Amino acid sequence: METKRLSGTNLIITGAASGIGRASALRFAQDGATVILLDRNQQGLEETQSLLSAQSTPETPLRASHFTIDLTDEYAVKEAVETSARIW
């Protein structure tokens, strides 16, 4: 069984709805990290989550959760991180 280099790590990806944030989330998840996707663009986050789900297999599951939040809202960011910690 191949060990992923980021297996056992949890990463928060801001701007995960598109562009570099989306690409980073996909790559880090493929390398074994659990990714927490943050952005204020709900539709884009759902698309990123769908891409991750489509690439996930029973042999190599890709783990992610997403939260539609405004990153300038400190309370919302804190809640997203705490919720992710409880999930994973």
Side-chain angles (χ1 to χ4, degrees):
M1 182 171 128
E2 178 185 337
T3 301
K4 302 283 186 172
R5 66 183 176 167
L6 295 177
S7 182
T9 61
N10 300 315
L11 301 174
I12 297 172
I13 310 295
T14 60
S18 63
I20 294 170
R22 177 180 284 170
S24 297
L26 293 170
R27 180 59 191 186
F28 291 144
Q30 290 168 350
D31 282 344
T34 296
V35 292
I36 301 157
L37 313 171
L38 304 179
D39 204 298
R40 62 182 176 182
N41 177 344
Q42 182 176 350
Q43 181 179 354
L45 280 177
E46 290 171 359
E47 290 170 5
T48 301
Q49 184 79 48
S50 291
L51 290 169
L52 286 164
S53 295
Q55 293 179 9
S56 186
T57 67
E59 297 81 29
T60 56
L62 303 183
R63 295 172 37 143
S65 57
H66 69 276
F67 300 91
T68 305
I69 63 169
D70 180 348
L71 292 173
T72 64
D73 181 344
E74 182 179 338
Y75 179 76
V77 173
K78 180 180 177 190
E79 284 295 308
V81 171
E82 289 174 354
T83 300
S84 295
R86 285 191 302 272
I87 291 170
W88 305 114

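Positions are given from 1 along the sequence. Model, not experiment: these values are computed from the prediction.
Annotation: side chain of Val81 is in contact with side chain of Ile12 (closest heavy-atom distance under 4.5 Å).
Interatomic distance, CD1 of Ile13 versus CZ of Arg27, reported as 13.0 Å (0.5 Å rounding). Atom OG1 of Thr68 is separated from atom CG of Leu37 by 10.0 Å, given to the nearest 0.5 angstrom. Rounding to the nearest 0.5 angstrom, the gap separating the CZ atom in Arg63 from the OG atom in Ser84 is 11.0 Å. The line from CG of Leu11 to OG of Ser24 is 10.0 Å long, rounded to the nearest 0.5 Å. For the atom pair His66 NE2 and Glu47 CD, the distance stands at 11.0 Å (nearest 0.5 Å). If you take CD on Glu46 and CD on Gln49, they are separated by 9.0 Å, rounding to the nearest 0.5 Å.
Checking side-chain atoms of Arg22 against main-chain N and O of Gly44 turns up a donor-acceptor pair under 3.5 Å. In terms of modelled atom types and a separation under 3.5 Å, the side chain of Lys4 and the main chain of Ala33 share no donor-acceptor contact.
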Q: Please test Thr57 against Thr60 for side chain to side chain donor-acceptor pair (under 3.5 Å), starting from the C-alpha separation and ending with a verdict.
A: CA-CA 5 Å; Thr57 67; Thr60 56; 2.8 Å; yes
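The nearest pair of heavy atoms linking Leu52 to Leu62 is O-CD1, 3.6 Å.
Evaluated for a side chain to side chain contact (heavy atoms under 4.5 Å, CB included) with Gln43, the options Asn41, Asp39, Leu45 yield exactly one hit, Asn41.
Within 6.0 Å of the CZ atom in Phe28, the count of heavy atoms belonging to other residues, nucleotides or ligands does not exceed 12. Atom CD of Glu74 has 12 or fewer heavy atoms from other residues, nucleotides or ligands within 6.0 Å.
Under 4.0 Å is where a charged nitrogen must lie from a carboxylate oxygen, and between Asp70 and Arg40 no such pair does.
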